[in-house]
Every structure is written in structure tokens, then in C-alpha cells.
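Only one structure is covered here, and it is reproduced in the block below.
Sequential numbering from 1 along the given sequence is applied to the chain's residues. Values below: every heavy atom of this structure, side chains too, minus hydrogens, waters and symmetry copies. The shown structure was predicted, so the numbers you read here are calculated from the model rather than taken from an experiment.
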Amino acid sequence: MRIIDAHLHLFPAAPDTDAMAEAVGHQNSTEHLRQVYGKLGIVHGVVMGNHSLEPSYHDYPAGLFHYCIGLDSALMGRGERPVPDLADRVEENLKRETCCGVKLYPGYNRLWLSDPIYEPVYELAARYDKPVAVHMGLTAFPRAHLKYAHPLTLDEVAADHRRTRFVMCHFGNPFLESAAAVVEKNPNVAADLSGLLEGRVDVDRYFQTQVGYAGLLTTWLTAIGQWDDILYGTDWPIVNLEEYIRFIQRLVPEEHWEQVFFQNANRIYGLGQ
């Protein structure tokens with residue numbers, strides 16, 4: 001089975017990020033990822049951008065990764081520090097073949113997705129036919145605000161920007177009911193299954209001790225039944241890649257593995273794999 005990881009992060013070598021990867025049995029390097037990808041059948045990955053809008057910052061190994069240019073809090077400063085020529089700088093990335101979309105972080109920026117600052121981004125994404133991925137649900141830092149990251153905020157902009165395609169990251173976890181409703185209602189919204197776990201996990205034991213949560217995930221995924229709109233992703237480096245594949249295989253019926261693990265990301269992000 002070929003696999004595309006539709007949601008990962010790559011960070012420069014540093015003590016904290018190196019330790020994060022090592023804690024889940026990996027090394028913080030693209031060469032290590034290349035080796036593990038070969039072992040697990042992962043043929044491509046989509047890097048969710050952080051820290052910089054400079055195209056030269058986002059030069060990843062050819063043939064292994066595409067990237068979404070990210071508007072994170074390091075750039076946006078919670079909306080208090082507007083980026084000069086934001087639209088032009090985003091477009092500079094979208095013109096690149098290796099850039100397959102835009103990534104927004106509304107909870108960290110404390111900005112509503114309907115804020116006018118994002119309007120040119122939605123228009124550019126529609127013009128270039130590249131999706132807007134949006135962090136939805138729980139955040140890594142307590143200073144972020146969850147109200148901006150609730151799936152219903154994505155419903156508003158998806159309904160008002162029908163020509164723009166969106167990817168709801170993390171299936172809006174833990175707002176699963178709302179996430180499912182937004183995906184079902186809006187034909188221009190897909191969702192990835194990244195970041196539902198963190199750290200090492202005994203998958204068999206997990207599905208015994210967390211049967212309630214796992215049941216909610218399978219319930220809402222099955223209830224909407226939109227397997228053409230669900231993408232596999234990991235949020236690496238917070239999970240062990242082999243364990244996360246097994247975790248998602250337990251949530252998704254086997255007859256839909258090819259769609260979820262490969263076809264949907266390849267189509268939605270235009271990866272050409």
C-alpha cells in the first residue's frame with residue numbers, strides 16, 4: 001500500500017525538536033525520514049510550513065515533499081503585526097510547483113477565519129486551485145484560543161468561498177460532531193486525520209483503554225461516509241510513524257485504505273504521485 005503523509009512538520013536541528021523526534025523513536029532529519037518512508041511505503045509528504053514566507057526557506061528534498069506555506073503566529077503576531085505585502089508573498093510561494101497550498105493557524109493567531117486579513121489568501125488559493133489547510137481543534141500551547149479553532153468557524157468561510165478548497169486539519173479534534181457536520185455539508189471541505197495521538201502508543205491496548213474516544217472517531221467518520229474527503233496525516237514529529245499507520249488502519253475500513261492513505265491527498269493537493 002502506497003502512503004502519502006498529508007500533514008507533517010520539518011524543523012531545523014535544535015535540542016527541543018531533536019528530543020521530540022527521539023521521544024517517538026525517530027531522528028529529526030530528512031535523511032532519517034527518507035529511510036523510514038522507504039520501509040513503511042510512504043512515498044510522499046506534505047510539509048505544513050512555519051516561521052517564514054521566504055520561498056528559499058522551504059526548499060525540501062526533491063520528489064519527497066511538497067509544502068503548504070504557513071501563516072503562523074511567528075509571522076502574524078495574533079493579527080497585531082500585519083505582514084507587509086502578504087498577498088504578494090503568499091502568491092510568490094503558490095507559483096512554485098512544490099507549494100501545494102496554504103496553512104492557517106487561527107487558534108494561535110487569535111484571528112477568526114472570517115477576518116479580512118485572510119480574504120486575499122482565499123482568493124489566491126481559488127485562483128491557483130490549491131487548498132487552504134486550517135488547524136482546527138486542540139492546540140499545542142495554552143496561550144492559543146480554542147474558539148478561533150472550532151470547526152464551525154471553517155463552515156462560515158467555506159460557505160462564503162465556494163471556489164476555495166479547504167482541508168480541516170486534525171478532523172477538528174475533539175469537536176468531532178461539528179467537524180463531521182462541516183465536512184458533510186460543504187463539498188469544498190476535506191479533513192485530515194493527523195495529530196489524533198501524541199507520543200508512543202501500544203495500539204492494541206489503546207483501543208481497549210480508549211474505547212470511548214476511538215468509538216466516537218469511528219462513529220462520525222462512518223456516519224458521514226465521505227471517504228473521498230478524508231486524508232491520512234501524522235503531524236510528525238509528535239508520533240511514531242509505524243504506530244500511527246496502524247492506528248488509522250483501525251479507524252478506517254480496509255476497503256477505503258487506498259483512498260484515505262494515498263488517493264485523496266494525491267488528488268486534493270495535486271501531488272502528481
Hey, could you give me the [atom1]/[atom2] distance between [X] and [Y], rounded to the nearest 0.5 Å?
| X | Y | atom1 | atom2 | value |
| --- | --- | --- | --- | --- |
| I69 | L124 | CD1 | CG | 12.5 Å |
| E242 | I42 | CD | CD1 | 10.0 Å |
| F166 | L154 | CZ | CG | 6.5 Å |
| L176 | L196 | CG | CG | 8.0 Å |
| Q249 | E254 | CD | CD | 8.0 Å |

Could you state whether [X] and [Y] fall into the same hydrophobic cluster, counting links through intermediate Ile, Leu, Val, Met, Phe, Trp or Tyr residues with side-chain heavy atoms under 4.5 angstrom apart?
| X | Y | answer |
| --- | --- | --- |
| V201 | I238 | yes |
| L241 | I3 | yes |
| L113 | Y148 | no |
| W112 | M168 | no |
| Y57 | V90 | no |

Which atom names give the shortest non-hydrogen contact between [X] and [Y], and what distance separates them?
| X | Y | result |
| --- | --- | --- |
| Y244 | L193 | OH-O, 2.6 Å |
| L33 | F65 | CD1-CZ, 4.0 Å |
| L71 | Y105 | O-CD1, 3.6 Å |
| N264 | D229 | ND2-N, 4.0 Å |
| G25 | N240 | CA-ND2, 4.5 Å |

Between D129 and R165 (salt bridge meaning N to carboxylate O under 4.0 Å), is one present in this structure? yes
May I ask you to decide whether R96 forms a salt bridge with D59, counting only side-chain N to carboxylate O separations under 4.0 Å? yes
Would Q259 and H256 count as a side-chain hydrogen bond (donor to acceptor under 3.5 Å, both in side chains) here? Give the steps. CA-CA 5 Å; Q259 295 161 273; H256 299 297; 2.8 Å; yes
Do N173 and Y213 make a side-chain contact, defined as non-hydrogen atoms from C-beta onward lying under 4.5 Å apart?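 Answer yes - side chains close enough.
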Side-chain touch L231/V260, heavy atoms, less than 4.5 angstrom: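 The answer is no; the side chains never approach within 4.5 Å.
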Ring-plane angle category for H135 and Y108, please: parallel below 30°, perpendicular beyond 60°, tilted otherwise.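 Taking Y108 first and then H135, their aromatic rings stand perpendicular (interplane angle over 60°).
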Ring geometry between H7 and H9 (parallel below 30°, tilted from 30 to 60°, perpendicular above 60°):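 Ring orientation, 0 to 90° scale: perpendicular.
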Run the side-chain hydrogen bond (donor to acceptor under 3.5 Å, both in side chains) check on N186 and D155 step by step: do they pass? CA-CA 7 Å; N186 296 287; D155 173 65; 2.9 Å; yes
As a quick check of understanding, evaluate salt bridge (charged side-chain N to carboxylate O under 4.0 Å, His left out) for D115 and R110, giving each step before the final call. CA-CA 10 Å; D115 191 285; R110 304 184 192 179; over 6 Å; no
Decide side-chain hydrogen bond (donor to acceptor under 3.5 Å, both in side chains) for H66 and T98; before the verdict, give the C-alpha distance in whole Å, the side-chain angles of both, and the deciding distance to 0.1 Å. CA-CA 5 Å; H66 278 69; T98 55; over 6 Å; no
Step by step, would you call N93 with Y67 a side-chain hydrogen bond (donor to acceptor under 3.5 Å, both in side chains)? CA-CA 9 Å; N93 285 274; Y67 75 97; 2.6 Å; yes
Honestly, is R2 close enough over F262, meaning NZ or CZ under 6.0 Å from the six-membered ring centre and within 45° of the axis?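 Ring-cation test returns yes.
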Six-ring centre of Y37, R34 cation under 6.0 angstrom, axis tolerance 45°: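 No; the conditions do not both hold, so R34 does not lie above the ring face of Y37.
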Could you give me the CA-CA distance, side-chain angles and deciding distance for H170 and S194, then say whether side-chain contact (heavy atoms from CB on, under 4.5 Å) is met? CA-CA 5 Å; H170 319 304; S194 66; 2.9 Å; yes
